[in-house]
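This report concerns only the one structure given below.
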Amino acid sequence: DTEVTQTPKHLVMGMTNKKSLKCEQHMGHRAMYWYKQKAKKPPELMFVYSYEKLSINESVPSRFSPECPNSSLLNLHLHALQPEDSALYLCASSQPILSQGPAYEQYFGPGTRLTVT
Amino acid sequence: SQQGEEDPQALSIQEGENATMNCSYKTSINNLQWYRQNSGRGLVHLILIRSNEREKHSGRLRVTLDTSKKSSSLLITASRAADTASYFCAMSGRGALNFGKGTSLLVTP
């Protein structure tokens, strides 16, 4: 099974709401990622988890809170978002990366299209 | 983090023609990867080339890497309408991937 699943597919939320994005993989990958992608732009790395521990946080605002409850699941908790946070949020997984080591092929989910009103 | 520059930004060709897109980067890399993205969906990994490799093939795809010029190219031969997508190069840096700005490819029947 080489599939990464993400739920929900679409999410509309107000600026005062709290919501969560979910990602799941069953490939035994021990590295999982969150990316943000705006229209016609490349994906921007947000967070990297390696062996269920946060290893990279690309200076993401605290209104985005990641969580990795186990090796198969990755959540992104959202609170007090701004309209400019509207984007496609992509989850990916791969073999774990050694510090400063080469990146492996990443498997991406289909994304959650988030709209903040 | 480094972001690659890809050119062209957009490319329109007819079915059966070849499509070439280029990627340039700034710092040393461990490997370089190419991904395809259809209509704002998830990315699909196409090919990975290591820093000590110069050329790699996968089906209709051919990737070259010139580390002295810090550049890579992706060639899609005999293109099909289904190849219409955005293509991104991704540089393997400090344990993560940094994506280039992408090339939007349109293949018309």
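Numbered from 1 within each chain, the chains take letters A, B, ... in sequence-line order. Because the structure is predicted, anything quoted here is derived from the model rather than measured.
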**Report entry** Over 12 foreign heavy atoms within 6.0 Å of CD, B:Glu53
**Finding:** yes
Query raised in the report: Relative to chain B, which segment of A:Tyr107 carries a heavy atom at a distance below 4.5 Å: side chain, backbone, both, or neither?
Result: neither
Query raised in the report: Looking only at heavy atoms, which of residues 59-81 of chain A get nearer than 4.5 Å to chain B?
Result: none
Query raised in the report: When clusters are formed by joining ILVMFWY residues with side-chain heavy atoms under 4.5 Å apart, either directly or through shared neighbours, do A:Leu54 and B:Leu97 land in the same one?
Result: no
Query raised in the report: Does anything in residues 43-52 of chain B get under 4.5 Å of chain A by heavy atoms, and if so which residues?
Result: B:Leu43, B:His45, B:Leu48
**Report entry** B:Arg60, CZ atom: more than 12 neighbouring heavy atoms under 6.0 Å
**Finding:** yes
Report summary line: Rounded to the nearest 0.5 Å, the CD atom of A:Gln106 sits from the OG atom of B:Ser92 at a distance of 9.0 Å
Query raised in the report: Is it the case that one hydrophobic cluster holds both A:Phe47 and A:Met32, taking links as side-chain heavy atoms less than 4.5 Å apart, direct or via other members?
Result: yes
Requested in this report: Please check if atom NZ in A:Lys41 has more than 12 non-hydrogen atoms from other residues, nucleotides or ligands closer than 6.0 Å.
Outcome: no
Report summary line: Checking heavy-atom separations under 4.5 Å from chain B, one finds in residues 108-117 of chain A A:Phe108, A:Gly109, A:Pro110, A:Arg113
Query raised in the report: Cut-off 3.5 Å, side chains only: do A:Gln37 and B:Gln37 have a donor facing an acceptor?
Result: yes
Distance-only donor-acceptor hits, side chain of residues 102-109 of chain B, under 3.5 Å, sequence neighbours excluded:
residue, atom, partner, partner atom, Å
B:Thr103, OG1, B:Pro8, O, 2.6
B:Thr108, OG1, B:Ile13, O, 3.3

Query raised in the report: Do other residues, nucleotides or ligands put more than 12 heavy atoms under 6.0 Å from the NZ atom of A:Lys19?
Result: no
Query raised in the report: Is B:Tyr87 reachable from B:Ile29 through a run of hydrophobic residues whose side-chain heavy atoms are each under 4.5 Å from the next?
Result: yes
Query raised in the report: What is the minimum heavy-atom distance between A:Pro42 and B:Phe88, and which atoms define it?
Result: CA-CE2, 3.5 Å
Query raised in the report: Got a second to check how far A:Leu45's CG is from B:Asn98's CG, nearest 0.5 Å?
Result: 7.5 Å
Query raised in the report: Any link between A:Leu88 and A:Tyr33 through a network of hydrophobic side chains (Ile, Leu, Val, Met, Phe, Trp, Tyr) touching at under 4.5 Å?
Result: yes
Report task. Treat each ILVMFWY residue as a node, draw an edge where side-chain heavy atoms are under 4.5 Å apart, and state whether A:Tyr89 and A:Val48 are in one component. Result -> no
